[in-house]
Amino acid sequence: MKSSYTVEQNAQMLIGLMKAHNIRKVIISPGTTNMSLVGSIQHDPFFELYSSVDERSAAYMACGLAAESGEPVVLSCTGATASRNYMSGMTEAYYRKLPVLAVTSSRHSGTIGQGLDQVTDRRRPPEDVQKISVQIPMIHTSDDEWSVNVKLNTALLELRRNGGGPVHINLETAFTTDFSVSSLPDTRVIHRACADDPFPPLEPGRVGIFAGAHRPFSPTLTEAVDAFCEAYGAVVFCDHCSGYKGKYRVFPTLVTTQRAEQPARQVDTLIHIGEVAVGKLWLKPAVVWRVNPDGEVRDPFRNKLRWVFQMEEERFFRTYAKLAPQNKKSSENIQLQKWEELRIQAEKVIPDLPFSNIWIAQHTAGLLPEGSVLHLGILNSARSWNHFEVPRTVDTYVNTGGYGIDGCVSALLGASLTDRGRLHFGVVGDLAFFYDMNALGNRHIGPNLRLMMVNNGCGAEFQLYNHPYVKSGLVDEVGPYMAAAGHFGSQSLKLVRHYAEDLGFEYFSAASKEEYLNHRERFLTPMVTDRPMLFEIFTRPVDESTALEKIRNLIF
Ligand SMILES: Cc1ncc(C[n+]2csc(CCOP(=O)(O)OP(=O)(O)O)c2C)c(N)n1
Ligand SMILES: [Mg+2]
């Protein structure tokens with residue numbers, strides 16, 4: 001019989017991914033709400049179908065079938081109370097780690113609680129009936145399509161992960177009656193490899209490592225990464241939260257954020273490690289492999305993730321370094337040379353920038369004392385400093401976990417307590433500063449803390465030339481509410497000075513390039529002085545914006 005599938009894309013994607021993940025056994029209970037799935041797979045010879053009227057019995061049948069065959073078994077039922085009867089069998093599967101996939105079927109989630117027939121709420125099942133539960137809506141936009149693909153891959157992978165176990169998918173339907181689709185569309189498949197699994201081949205081409213927020217690399221991890229880079233001619237793309245300081249470090253933001261297209265952004269395979277980055281580095285990978293001991297599916301590059309390696313990074317890099325074809329190994333790393341050239345070319349053509357966070361970064365980053373630590377406030381401060389490298393012995397951090405402006409000063413304070421002989425620098429905006437300024441009164445603060453506060457009297461972030469507010473033509477209206485201008489003394493020359501001095505800080509301020517340069521040397525004194533320092537710098541939002549626009553439009 002010829003296969004023909006529903007036009008409902010979420011069901012098509014589920015079926016395509018069941019095939020790709022080699023899941024073929026399905027036990028179907030009768031009903032209408034599961035029509036998109038059942039109406040599609042009953043013609044497809046790939047699937048091995050069974051029928052059971054009683055859903056409770058179906059779930060226990062699935063346990064027996066999964067236990068004995070060692071394969072995942074899918075359950076499909078309709079709305080009403082049908083899925084409630086899966087609970088006992090799914091509980092059995094949970095505590096025996098059996099790969100049973102319950103696909104329950106629902107109308108649009110908005111119908112829950114509206115007094116409609118057969119609609120029960122399946123959004124919060126009990127903890128011990130499945131390892132994960134995902135809600136799969138109908139697909140209307142590319143965001144839906146991406147998110148449904150990620151959720152379905154995640155759910156299907158979970159069936160066999162960490163010894164296996166049951167999973168729940170709640171599939172929405174609109175009862176579409178059109179089953180005219182003759183072949184399933186291609187859909188992205190994500191795989192997972194654990195430490196003892198066979199490793200997939202790494203295709204030849206341009207290979208890069210992208211390090212999101214990561215604790216400083218240990219010497220052994222650096223060695224493993226360097227061996228990998230040597231073997232594949234790869235480089236490590238870093239920003240100020242990456243933590244890697246080895247031989248193959250590339251700091252690409254100044255180049256990759258240029259408005260003009262940069263062919264160098266293209267990477268064939270990007271190995272993604274670490275957590276949330278300061279930015280995506282604007283790279284354009286064809287394929288992403290994520291390596292992380294957490295083994296989770298994370299797809300910040302949207303639709304590019306193909307493999308998740310659930311293992312220590314060191315193991316991954318050492319294994320692939322050994323697997324590399326001998327002929328590829330060469331002492332010349334062309335990518336590294338290319339990136340270094342591009343960075344030098346770009347730096348050479350930076351025009352005179354107005355007095356701004358970016359200008360300060362340009363004239364300070366490379367001069368930070370060896371061995372010190374730098375903390376950057378999120379968004380504008382981190383972005384500004386991300387254009388410029390710091391000395392390799394300087395460790396840099398950004399609160400990218402939650403991207404809050406609320407704790408940048410406290411995080412710096414906390415870090416500074418670990419080694420009071422080590423200088424800890426911070427750069428934050430005025431809103432971030434005033435939000436978290438009580439941290440400066442903390443009695444544990446030491447003289448090794450030096451904070452730079454760029455006071456532009458508002459959230460300049462929202463007035464940057466490329467911000468959606470400005471692009472919406474709202475530039476003259478952004479100040480009072482969107483950018484919270486005019487609070488905290490409206491760039492008062494005295495307010496912060498009094499606070500800082502009364503707390504025992506050495507305070508200085510600057511409102512021009514000349515004034516800044518006058519104080520820079522003192523602020524960067526390489527040894528710990530007798531007091532912590534606070535350097536307040538007054539800039540204008542318009543200059544912050546112009547500086548960013550200029551630095552993103554370099555011609556080289
Ligand atoms: C806790 C929290 N509230 C609000 C935001 C949204 N937000 C992001 S950047 C920003 C403005 C920060 O202003 P400022 O610290 O003065 O830096 P500037 O953009 O002016 O350099 C705000 C409010 C956030 N990230 N975190
Ligand atoms: Mg500000």
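All of these numbers come straight from a predicted model, not from anything done at the bench. When a ligand or atom number is given, it counts from 1 through the structure's own listing order.
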Legend entry - ligand 1 to Asn456 polar contact by distance, N or O atoms, under 3.5 Å: yes
Legend entry - Electrostatic pair Arg531-Glu501, nearest N-O below 4.0 angstrom: no
Inset, instruction - State whether Asp239 and Arg383 are salt-bridged, where the test is any N-O pair (Lys NZ or Arg NE/NH1/NH2 against Asp/Glu carboxylate O) under 4.0 Å. - result: no
Legend entry - Phe317 and Phe228 aromatic ring geometry - parallel, tilted or perpendicular at 30°/60° bounds: perpendicular
Inset, instruction - Kindly confirm or rule out an N or O of Asn357 lying under 3.5 angstrom from an N or O of ligand 1. - result: no
Inset, instruction - Just go through Asn380, Thr539, Leu379 and tell me whose heavy atom is the nearest to atom 21 (O) of ligand 1. - result: Asn380
Inset, instruction - Going by heavy-atom distance to atom 20 (O) of ligand 1, choose the closest among Gly457, Ala460, Ala485. - result: Ala460
Inset, instruction - Taking the Mg ion (ligand 2) as the reference point, name the nearest N/O/S atom of Asp430. - result: OD1
Legend entry - Check: Asp144 side chain, Thr141 main-chain N or O, donor-acceptor pair, under 3.5 Å: yes
Legend entry - Selection from Phe488, Phe462, Tyr403 by shortest heavy-atom distance to atom 6 (C) of ligand 1: Phe462
Legend entry - Sub-4.0 Å heavy-atom contact, Cys458 with ligand 1: yes
Inset, instruction - Check the angle between the aromatic planes of Phe433 and Tyr499 and answer parallel, tilted or perpendicular using the 30° and 60° thresholds. - result: perpendicular
Inset, instruction - Please calculate the OD1(Asn456)-the Mg ion (ligand 2)-O(Cys458) angle and round it to 10 degrees. - result: 80°
Inset, instruction - State whether the side chain of Lys550 and the backbone N or O of Pro351 hold a donor-acceptor pair below 3.5 Å, judged by distance alone. - result: no
Legend entry - Closest to atom 14 (P) of ligand 1 (judged by heavy-atom distance), picking from Leu431, Asn455, Val428, Asp406: Leu431
